[in-house]
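Notes follow once the structure below has been shown.
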There are 2 protein chains.
Amino acid sequence: MMTRDQILDAAAQIFRQKGYHAASMQDIAAAVNLQKASLYHHVSSKQEILLALLDQALELLFERISEVSNQSLAPDEKLRQMMRAYLKAMTDHFDLATVLLLEHRSLEPKLHARHIPNRDRFEALWRDVINEGLDAGAFQCSDPALTVRGLLGVMNWTITWYRPNGALTIEQIADQFASLFLDGLRRR
Amino acid sequence: MMTRDQILDAAAQIFRQKGYHAASMQDIAAAVNLQKASLYHHVSSKQEILLALLDQALELLFERISEVSNQSLAPDEKLRQMMRAYLKAMTDHFDLATVLLLEHRSLEPKLHARHIPNRDRFEALWRDVINEGLDAGAFQCSDPALTVRGLLGVMNWTITWYRPNGALTIEQIADQFASLFLDGLRRR
DNA sequence: ATAAACCTACCGAACGGTCGGTAGATTAAG
DNA sequence: CTTAATCTACCGACCGTTCGGTAGGTTTAT
């Protein structure tokens with residue numbers, strides 16, 4: 001017997017591989033050994049699958065990052081740990097994270113609007129740690145919001161090229177990115 | 001009368017807005033006031049449109065960046081200028097750049113394979129400037145290839161949130177990202 | 001000069017196929 | 001016996017693409 005979660009997992013994988021619009025309900029059905037019509041016993045539409053995946057992904061990432069962000073650590077160390085946690089969570093849930101980052105624009109406008117506030121709550125976690133560092137005099141930067149976008153850019157783009165059997169573990173990648181962001185490229 | 005270039009321009013805009021698979025030949029035809037059958041007088045298939053756009057985008061970006069990269073500048077200044085040029089070129093050709101970065105995976109495998117070497121030539125421009133900086137003792141980093149990926153990540157992700165009427169110009173954004181990468185976040 | 005031949009640009013209609021989704025019968029589980 | 005799960009069969013809409021044809025300008029042959 002098939003559960004809704006199994007269907008969502010399979011859908012995430014197929015959405016990741018093909019993209020939302022190129023993936024068909026037929027594809028998803030085949031992946032869980034069902035007929036296409038049988039999917040509609042568990043989900044109400046293709047859009048609903050996408051929405052469920054986006055919510056699930058964002059909730060998971062938010063939880064993992066806020067765990068770290070609630071610890072009392074020095075800002076630089078906290079930032080490093082948050083980057084570790086984020087990249088680890090994304091690669092642990094590769095399909096889900098890829099759908100979140102690359103397919104969210106396939107949500108119909110109405111559902112998409114409902115999704116944005118969650119994004120903002122997530123971004124706030126990163127803005128907070130930057131501001132902590134600035135207040136403590138440990139960080140320097142002229143535009144925290146832009147710094148957050150840069151930070152998320154590096155990490156989000158990672159899932160477009162990361163492959164689990166690469167030379168570096170995701171922890172090593174996270175540490176190098178953290179060092180790069182904290183200390184910069186210029187030698188002195 | 002309609003030219004092939006006008007059709008490609010319209011296609012780029014629609015591919016950017018909807019994504020390749022969600023965009024139909026009908027959409028493109030309507031955008032240039034033609035019947036969809038008439039498109040096939042100018043292009044041979046939807047895939048061919050995508051391939052033409054990707055080639056065009058990569059050629060344009062490569063040209064703009066190599067112009068800067070061929071100048072003899074100090075590595076840190078050269079990197080800054082390359083980042084400026086890249087972000088400027090991407091926002092000057094927003095539709096084209098978005099298609100390049102987000103829709104290249106919609107190319108059929110055969111065409112996609114033919115596209116990869118061009119990507120590598122482009123990435124090499126960035127690897128070279130990092131290595132120049134290392135050789136000159138101006139830069140420090142343990143893994144140049146990973147640094148390049150971080151660099152491209154920040155910049156590539158920019159087109160997912162950048163809007164031309166934002167508070168910052170693209171030059172300001174480029175400069176701040178360059179400073180962030182060169183000097184880091186940590187105060188000292 | 002003129003008419004035949006050709007070319008470019010476009011159109012309406014249609015093709016085979018796939019899409020997301022529905023209706024209703026059938027099977028499996030408790 | 002009931003209800004949850006899955007099936008077969010089907011729907012209208014739309015997909016990318018092809019086809020036959022046409023209007024009108026340009027070239028070629030006489």
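Chain A is the first sequence line, chain B the second, and so forth, proteins listed ahead of strands; every chain is numbered from 1. Note that this is a predicted model, so its numbers are computed, not measured.
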Spacing between A/Ile28 atom CD1 and C/dG21 atom C1', to the nearest angstrom: 13 Å

B/Ser45 side chain, from C-beta outward: closest of C/dC19, D/dT17, C/dA9: D/dT17

Among C/dC10, D/dC7, C/dG20, the nucleotide that comes nearest once only the side chain of A/Ser38 is considered: D/dC7

Of the listed nucleotides D/dT17, C/dG12, C/dG20, the one nearest the side chain of B/Lys46: D/dT17

Pair B/Lys78 + B/Glu132: basic N to acidic O under 4.0 Å: yes

B/Lys36 NZ to C/dC15 P, straight-line distance once rounded to whole Å: 14 Å

Electrostatic pair B/Glu103:A/Arg105 at N-O distance under 4.0 angstrom: yes

Interatomic distance, A/Met25 CE vs C/dG17 P [rounded to whole Å]: 23 Å

Sugar-phosphate only, base, or nothing, as touched by A/Ala23 at under 4.0 Å among non-hydrogen atoms: sugar-phosphate

Electrostatic pair A/Glu59-A/Arg121, nearest N-O below 4.0 angstrom: no

Pair A/Gln176-A/Gln172, side-chain donor/acceptor within less than 3.5 Å: no

Nucleotide C/dT18, atom P - distance to NE2 of A/His21 in whole Å: 19 Å

Presence of A/His41 side-chain N/O under 4.0 Å of D/dT6 phosphate oxygens OP1/OP2: no

Given C/dC10, D/dG16, D/dT6, the nucleotide with the shortest approach to the side chain of A/Met2: D/dT6

Proximal nucleotide (of D/dG16, C/dA9, D/dA5) relative to the A/Met1 side chain: D/dA5

Length of the OH-C1' vector between A/Tyr40 and D/dC10, whole Å: 14 Å

Euclidean distance, atom CD of residue A/Gln6 to atom C1' of D/dT6 [Å, nearest integer]: 14 Å

N/O (side chain, A/Gln35) to phosphate O (OP1/OP2, D/dT8) under 4.0 Å: yes

Closest to the A/Ser24 side chain, choosing from C/dC11, C/dG20, D/dT8: C/dG20

Charged N-O contact under 4.0 Å between B/Arg114 and B/Glu108: no

Separation of atom CG in B/Asp27 from atom P in D/dC14, rounded to whole Å: 11 Å

Between D/dT6 (P) and A/Arg4 (CZ): distance, integer Å: 14 Å

Pairwise 5' ranking along DNA chain D for B/Gln26 and A/Ala37, keeping only the more 5' one: A/Ala37

